[in-house]
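One structure is given here, and the rest of the page talks about it.
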Amino acid sequence: MQVEIFTLCDAAAVCSEKLNIPGTFDRLSFAKFPNESGAFAIATKVRCEPEEIGAHSMHVRWIDPDGGTVDDSDVCQFKVNFLEKRDIWHHIWRYDHKEFFGENEYVLQLIVYDVPLASVPLTVVLK
């Protein structure tokens, strides 16, 4: 599997096999802590190979600076069929009112079979 897109964004949608991603970011600012975020999403586009036919699962793991897991997303189950010469899987995790308790630097990892395939940073700061 090759991860072509793994990003935090304001929103995301799949329409006519196209992944639409407005407002990508890697930083959230808050006036005080604890605080809740507004709505945001994590969007992925994964390209699969013919030898990967079958059922798979993936999720997003939130890692803190000490290397500890602070959150795991819901698991996304998907099936690679390879009906065409390519098989691309899009998935969007939506968040609304996620609570943050202080400044921090997270690493979000896209996990398939307990193996991180991609990662992106997220910095949370006080305004």
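Nothing here was measured: the structure is a model prediction, and the numbers come from that model.
By the 6.0 Å contact criterion, CD on Glu105 is open, its count of non-hydrogen atoms from other residues, nucleotides or ligands being 12 or less.
Remark: Ile21 CD1 to Ile42 CD1 distance equals 12.0 Å, nearest 0.5 Å. Residue Cys15 holds its SG atom at 11.5 Å from NE2 of His90, rounded to the nearest 0.5 Å.
By the side chain to side chain contact (heavy atoms under 4.5 Å, CB included) test, Phe101 pairs with Pro34, Glu99, sequence neighbours left out. Among residues two or more places apart in sequence or in another chain, the side-chain hydrogen bond (donor to acceptor under 3.5 Å, both in side chains) test is passed with His56 by Tyr113. With sequence neighbours left out, Phe33 forms a ring pair (Phe, Tyr, Trp, His ring centres under 6.0 Å) with Phe30. Listed by chain and residue number, Trp93 satisfy the ring pair (Phe, Tyr, Trp, His ring centres under 6.0 Å) test with His91 (two or more places apart in sequence, or in another chain). Taking Val75 as the reference, Ser57, His59, Gln77 meet the side chain to side chain contact (heavy atoms under 4.5 Å, CB included) condition, with sequence neighbours excluded.
Within the structure, salt bridge (Lys or Arg N to Asp or Glu O under 4.0 Å) contacts touching residues 61-77 (residues at least two apart or in different chains) are Arg61-Asp72, Arg61-Asp114, Asp71-Lys98.
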Using residues 119-127 as the side-chain source, report each donor-acceptor pair under 3.5 Å to any protein atom, sequence neighbours left out, with the distance given to one decimal.
none

Extract all donor-acceptor atom pairs below 3.5 Å that involve side chains of residues 3-12 and protein atoms in other chains or at least two apart in sequence.
| residue | atom | partner | partner atom | Å |
| --- | --- | --- | --- | --- |
| Glu4 | OE1 | Lys45 | NZ | 3.2 |
| Glu4 | OE1 | Arg47 | NH2 | 3.4 |
| Glu4 | OE2 | Arg47 | NE | 2.4 |
| Glu4 | OE2 | Arg47 | NH2 | 3.2 |

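Under the 4.5 Å side-chain heavy-atom criterion for grouping Ile, Leu, Val, Met, Phe, Trp and Tyr, Val60 is connected to Met58 within one hydrophobic cluster. Residues Leu110 and Tyr95 share a hydrophobic cluster, clusters being chains of Ile/Leu/Val/Met/Phe/Trp/Tyr side chains in contact below 4.5 Å. Note: the hydrophobic cluster containing Phe100 also contains Val70 (ILVMFWY, side chain heavy atoms under 4.5 Å, direct or indirect links). Under the 4.5 Å side-chain heavy-atom criterion for grouping Ile, Leu, Val, Met, Phe, Trp and Tyr, Trp89 is connected to Val80 within one hydrophobic cluster.
Leu108 is not listed as a side-chain neighbour of Ile63, based on a closest heavy-atom distance of 4.5 Å or more. No side-chain heavy atom of Pro65 sits under 4.5 Å from any side-chain heavy atom of Tyr106.
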Glu49 vs Met1, side-chain contact (heavy atoms from CB on, under 4.5 Å): CA-CA, chis, key distance, verdict
CA-CA 6 Å; Glu49 300 298 327; Met1 284 181 204; over 6 Å; no

Step by step, would you call Ile88 with Val46 a side-chain contact (heavy atoms from CB on, under 4.5 Å)?
CA-CA 6 Å; Ile88 293 174; Val46 177; over 6 Å; no

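Between Phe40 and Phe25, the two ring planes are perpendicular [angle over 60°; tilted spans 30° to 60°].
In terms of heavy-atom proximity, Arg94 sits nearest to Ala13 at NH2-CA, 4.4 Å.
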